[in-house]
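Only one structure is covered here, and it is reproduced in the block below.
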Protein chains: 2
Amino acid sequence: MTQYKKFGGVQQIFLSLKTMARKNTIPPNLKQILEKGDQLYQPGISVDCVIFGFHENMLKILLLQVKYVNKFALPGGFILRDEPIEQAAYRVLKERTGVNNIFLQQFNVFGNPDRSDATVHQAGYMEHGVKIPKDNWLLQRFITVGYYALIDFTEVKFGDVIFEEGCEWIDINKLGNLMMDHEAIILNALETLRNQLAYLPIGRNLLPKKFTMPELQKLYETILAQKLDRRNFQRKMLGFGILNRLNETKKGGAHKAPFLYTFHDKKYQKALKEGLYGSW
Amino acid sequence: MTQYKKFGGVQQIFLSLKTMARKNTIPPNLKQILEKGDQLYQPGISVDCVIFGFHENMLKILLLQVKYVNKFALPGGFILRDEPIEQAAYRVLKERTGVNNIFLQQFNVFGNPDRSDATVHQAGYMEHGVKIPKDNWLLQRFITVGYYALIDFTEVKFGDVIFEEGCEWIDINKLGNLMMDHEAIILNALETLRNQLAYLPIGRNLLPKKFTMPELQKLYETILAQKLDRRNFQRKMLGFGILNRLNETKKGGAHKAPFLYTFHDKKYQKALKEGLYGSW
DNA sequence: TGTCCAATGCGTTACTATGACACAATATAA
DNA sequence: TTATATTGTGTCATAGTAACGCATTGGACA
């Protein structure tokens, strides 16, 4: 896999802003983006990632807190001139979560002319007393490619440098004030996730290696916002033939210890490609 | 709906080329695109439309013949600076088919750096003895948003001005040599269509207002590349409750006259939104 | 240590959807 | 008029699904 020079993206600007706010200087990074960004990046296009995680029976999304406008934003970034779009999305994911090999799926493009909000960038730069020139590339219309990612909550290390600023897991049911059209993007991602859940073995990417059947069921119930019958759920899941039951149980809960399961890697990969039904 | 100035797109270039080839002049249109295109259009982004039609039991795609490279291309175009992406796709469809209100669905973005092929444009302009400057916007990397459209074959009038050049219905099984990554785009569209077929009432858009059950079945069989049981198919389709059986039969066939059906508009719209199954 | 309890593992039943096939009806061609 | 291929309607066995019963078990509590 090609390694691309890390230069950042729109969120890196936010991060930098917060870092630099302490020092009260204009970060060279920011200046560079302003002046040379249009040479480095594919103009007018960005990627935004809706990163799903599952923790304490809640479906959560990784969001950035943009303090100077008091809003949340999706982690995203620009696309380098010679970089595949998906690669850019992976780069953003790596930057934000420290995790490689994330399940990533493009789901939609958002490109209405009124989605671009110049005031966001302008406000950010104004914090440093810099006014972005009117014809600067940052202020033009931007079209963004939406990716959703599924990630094992437990693998994300909050101690990472990347996380020192602004990144937060936000409950899908408690989304606050979001920048631009990011709420619509999230809802679209959620809808896509719900649809894919029916025929893709999604649990694998959102749960730890070992997990129990009740945990898997809670995940499904949370995504679908719907109660499912315990016994029918188990029968269906086992019927797919992609789970291994281990000779271990998860003790510590207040009641009968449930078995631990893992995904059967080979069959899981096959199911990913072919789907779980495939009738017709 | 806002009306956007018709200025054309990448395919309009091809059309123009053929028109002008006879006259042996550089069309002002071409010159304008070369010189002012980057002001009129969103740079580096285009739309491409995979337009499906159904005729004589064959699933066909509307393609443009690009003679000077002896290849076929998807109808596509650029996106005006203040134009929604979907609007641009509708504009292309209207230009090519003369039909409004087409079923249109975004399905993927294609953006690998190596998909852009500068030689295509270069060759086109060279036919007129014009060499595109190296830094011209036409030669940069392009990312394209793929839309697929479903259209009633019988509504497309081949007499239209738009059709006077290069547009052809090509059987999905007899695709010839295609430009750039257009074959991959088509295959991706076809795959999407197959998936959506299972839960969207797609027949409506590919068939005339009145149609017979065998016709609907042939459509499904063609898209799925698979034989279906006649009786089970009918039961399932009627079970969806989105069809009206008329008190007419279609005579003229050599055998028993089949009933004619129409889609039940209200229920069809509902099914479009909610899908045909919706379990889970 | 023993009892209680809530969650889990496994199973049953009724119902619906699906695949495979039989037979009668009919519009045209001969 | 007859032959024929196609259509309309129905049946049956099976698989999948929804709803629910019951025994088991790990930890809490007395």
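Quick caveat, the model's predicted, so the values are computed rather than measured. In what follows, chains carry the letters A, B, and so on, assigned in the order in which the sequence lines appear, proteins first and then strands, with residues in each chain numbered from 1.
Taking A:R231 as the reference, A:D229 meet the salt bridge (Lys or Arg N to Asp or Glu O under 4.0 Å) condition, with sequence neighbours excluded. With sequence neighbours excluded, the residues satisfying side-chain contact (heavy atoms from CB on, under 4.5 Å) with B:L187 are B:E183.
Within the structure, the salt bridge (charged side-chain N to carboxylate O under 4.0 Å, His left out) test picks out the following pairs touching residues 198-209 of chain B (sequence neighbours left out): B:R204-B:D265.
Counting any heavy atom pair closer than 4.0 Å across all strands shown, B:G239 reaches no nucleic acid atom.
Rounded to whole Å, atom P of D:dT17 lies 14 Å from atom CD of A:Q226. Rounded to an integer number of Å, the gap from CZ of B:F240 to P of C:dT16 is 17 Å. Rounded to whole angstrom, the span from the CD atom of B:E248 across to the C1' atom of D:dT7 amounts to 17 Å. Rounded to a whole Å, the CG atom of B:L243 is 15 Å from the C1' atom of D:dG8. C:dT8 atom P lies 15 Å from atom CZ of A:F211, rounded to whole Å. Spacing between atom CZ of B:F233 and atom C1' of D:dG8 amounts to 15 Å, rounded to whole angstrom units. What separates NZ of B:K227 from C1' of C:dA20 is a distance of 16 Å, to the nearest Å.
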Quick one: do A:Y220 and A:F54 satisfy ring pair (Phe, Tyr, Trp, His ring centres under 6.0 Å)? Show the steps, please.
CA-CA 10 Å; A:Y220 272 69; A:F54 187 67; 9.9 Å; no
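One finds a side-chain N or O of B:K236 lying less than 4.0 angstrom from the OP1 or OP2 phosphate oxygen of C:dT18.
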Just distance, no hydrogens or angles: give the donor-acceptor pairs under 3.5 Å from side chains in residues 247-256 of chain B, sequence neighbours left out.
unit_1: B:E248; atom_1: OE2; unit_2: B:K210; atom_2: NZ; d: 2.7
unit_1: B:K250; atom_1: NZ; unit_2: B:E215; atom_2: OE2; d: 2.6

Review item, side-chain donor-acceptor pairs of residues 237-244 of chain B, under 3.5 Å, at least two apart:
none

Protein proximity profile, nucleotides 9-14 of chain C - base contact B, sugar-phosphate-only contact S, no contact -, cut-off 4.0 Å on heavy atoms
BBB---
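No N or O donor and acceptor, one from the side chain of B:H255 and one from the base of C:dA27, sit under 3.5 Å apart.
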